[in-house]
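What follows is a single structure, written as structure tokens, with notes after it.
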Number of protein chains: 2
Amino acid sequence: MSRPTMNDVARTAGVSLKTVSRVVNGEPTVTPDLAARVRAAVETLDYRPHLGASLLRRNDRRTRMIGVLLEDVSNPFSGVLHRAIEEEAHARGVHVLTGSLGEDERRERELARAFRQRQTDGLIIAPTGSDQTYLSRFTGTPIVFVDRQPSGFLADTVVSTNVAGAAVAVRHLAAHGHRRIAFLGDNQRIPTARERFRGYLQALGHRPGPVVHELRGEAAAERATIALLRRADPPTALFTSQNLITIGAVRALRRLDRHRSVALVGFDDFPLADLLEPAVTVVAQHPARIGRVAAGALFERIDGHDGPPREIRVATTLIARGSGEIFATGN
Amino acid sequence: MSRPTMNDVARTAGVSLKTVSRVVNGEPTVTPDLAARVRAAVETLDYRPHLGASLLRRNDRRTRMIGVLLEDVSNPFSGVLHRAIEEEAHARGVHVLTGSLGEDERRERELARAFRQRQTDGLIIAPTGSDQTYLSRFTGTPIVFVDRQPSGFLADTVVSTNVAGAAVAVRHLAAHGHRRIAFLGDNQRIPTARERFRGYLQALGHRPGPVVHELRGEAAAERATIALLRRADPPTALFTSQNLITIGAVRALRRLDRHRSVALVGFDDFPLADLLEPAVTVVAQHPARIGRVAAGALFERIDGHDGPPREIRVATTLIARGSGEIFATGN
DNA sequence: AATCCGGGAGACAACGTTGTCTTGGAGTAG
DNA sequence: CTACTCCAAGACAACGTTGTCTCCCGGATT
């Protein structure tokens with residue numbers, strides 16, 4: 001026995017198919033009496049409209065579903081972003097299809113295509129691949145980027161003020177007397193990582209400290225930090241340009257028992273940063289705000305807004321907690 | 001100009017509608033020559049099949065889409081769970097609709113209904129409401145519960161060994177000489193919370209320590225902990241039965257500078273627990289495994305498995321890190 | 001009293017796809 | 001050389017819904 005259709009409802013209610021349609025869609029031109037009978041029939045049969053058929057016939061093709069592609073739904077930054085987007089969507093009666101990309105370019109393309117095929121009304125993408133040219137075929141599907149700029153394709157983009165934020169972090173360290181401030185950074189393919197490095201360079205004029213790029217994950221950051229501090233001329237302060245790198249650095253400092261003598265400022269806040277010893281000073285991003293703004297922009301586009309692509313920057317905030325306020329010694 | 005249909009492809013390729021359908025669906029009974037022409041036409045027109053129409057006509061009603069309802073995609077436990085489910089789904093070419101419930105019963109019902117209406121092939125639910133009776137109407141949509149048991153409705157359920165895990169935690173404290181071990185717990189409406197309390201009682205025989213329930217969130221837990229420790233006869237050890245409660249307790253211990261003298265074991269691991277001072281001993285759950293197992297069970301059901309509802313328990317692991325190994329003093 | 005008007009309700013077609021049935025032509029066997 | 005088989009390819013209907021058009025009936029207008 002398969003699922004009941006409008007026809008079944010019509011038959012049990014003793015009205016025409018179209019009348020059922022009208023009642024279900026809340027059109028006002030139905031006598032209360034008939035409407036009541038229809039609703040009763042809907043109830044007893046447990047009728048639910050077939051969205052596919054409805055979508056097929058309607059001409060305002062809206063699925064009220066958006067797709068969200070994030071780096072990894074299990075990391076806190078993405079999680080908060082995701083939640084914020086979901087709230088905005090929920091407020092509009094829209095559902096969210098989610099996908100994690102890891103750092104897999106192919107998966108990004110696959111999922112973007114697949115979600116579009118499902119006729120999502122729009123996409124929010126935290127791009128992981130180095131090339132988004134493939135999106136140029138996606139006419140009719142609004143797209144908003146978050147966290148990282150796309151390349152090879154232009155659309156609304158919501159990102160943190162990476163250059164300024166990084167510069168603030170580094171100047172904060174300099175203000176505490178540090179001259180040799182190391183940079184520990186992520187893959188330079190990522191536009192965001194490049195920006196943070198630019199901010200670092202900007203703040204230090206032309207006398208940067210030791211620089212390590214391409215750190216992927218905590219373990220790599222930990223190793224790199226240890227190596228840095230064992231050099232003949234070790235840095236007195238560290239600027240870690242990403243979440244996991246910061247944590248890796250904290251681990252390294254602990255291991256070498258230098259956590260009270262080497263200063264540290266991280267880019268991007270993380271839970272419990274305030275409970276560590278010393279508490280970790282960070283330049284916090286505001287993923288919830290980024291998510292809200294991105295969702296807002298997407299829904300504007302979906303509702304027909306048609307201006308040129310916008311780049312929206314969300315400010316960062318320096319949160320001094322201790323690790324960044326360690327003064328330089330000796331030197 | 002609206003999106004191209006199979007008919008458009010047929011026309012440009014100079015074949016019949018049905019032939020296009022055959023090529024698109026990979027049916028083997030098409031001459032290579034024609035197939036090539038069709039594929040070329042698909043390419044030039046950027047044709048994508050209309051899933052709604054396809055679903056409407058097909059008789060193996062599968063959307064290859066599942067719905068996942070979690071407490072909050074931005075908390076680490078849910079995030080990891082989510083990611084694991086997504087991986088399993090991805091491996092099967094299935095997409096995931098996600099929703100966060102907060103602690104909102106109504107939202108749980110709304111989203112469950114809405115997802116089902118979208119014809120998700122199945123649902124994975126971390127129930128937040130106290131009553132899942134409404135699901136009994138969901139015939140034809142397999143459901144698997146995670147993290148918490150449902151009530152008023154039976155289906156496959158994947159949860160941690162809460163009773164045993166809590167008992168292990170408490171016995172661990174007892175083994176370090178503690179007699180007054182406090183219980184700090186969540187809302188007793190939640191089956192999982194009740195189980196953990198049972199484990200606590202079980203481990204202590206009939207001589208429990210001070211008990212506080214209904215703690216919601218870090219702040220409440222922090223206040224409760226402070227109150228407990230200021231009593232005339234304060235506990236020498238704490239068992240915190242949930243993530244946020246553990247963190248709240250840590251904050252309280254810090255504030256009172258008792259973090260080196262009062263023992264603490266938390267239920268559920270959290271990031272950076274190992275970096276705190278002292279590192280926090282926990283009974284870790286394994287959300288990734290829970291997610292994998294739940295997704296596995298769901299897909300079995302979707303593929304037609306039809307046994308009685310199963311309750312699958314995922315074992316917890318005690319991770320001794322320091323806070324739980326503080327010995328009782330005085331007493 | 002005859003006509004008009006309006007609005008509620010039904011008939012019918014169409015959305016884009018796939019299942020089923022039919023057709024026709026090539027190949028094979030007798 | 002005819003008849004039969006087989007299979008590629010097309011014609012057609014159907015999936016469940018909504019847009020459009022038509023019909024009919026009751027009340028208002030002249």
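Each chain gets a letter, A, B and so on, in the order its sequence line appears, and its residues count up from 1. Both backbone and side-chain heavy atoms feed into the values below; hydrogens, waters and symmetry mates do not.
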* Rounded to the nearest 0.5 Å, how far apart are CZ of A/Arg301 and OG1 of A/Thr141? ->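 Between atom CZ of A/Arg301 and atom OG1 of A/Thr141 there are 13.5 Å.
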
d(B/Glu71 CD, B/Leu101 CG) to nearest 0.5 Å is 8.0 Å

Contact string for nucleotides 10-19 of chain C, one letter per nucleotide 5' to 3', B = base within protein heavy-atom range under 4.0 Å, S = sugar-phosphate only, - = neither, reads BB-BBBBBBB

Quick one: do [X] and [Y] make a salt bridge, cutoff under 4.0 Å?
| X | Y | result |
| --- | --- | --- |
| B/Glu108 | B/Arg148 | no |
| B/Glu86 | A/Arg107 | yes |
| A/Arg289 | A/Glu88 | no |
| B/Arg39 | B/Glu43 | no |
| B/Asp121 | B/Arg64 | no |

Pairs: protein N or O with nucleotides 23-28 of chain C N or O, under 3.5 Å:
none

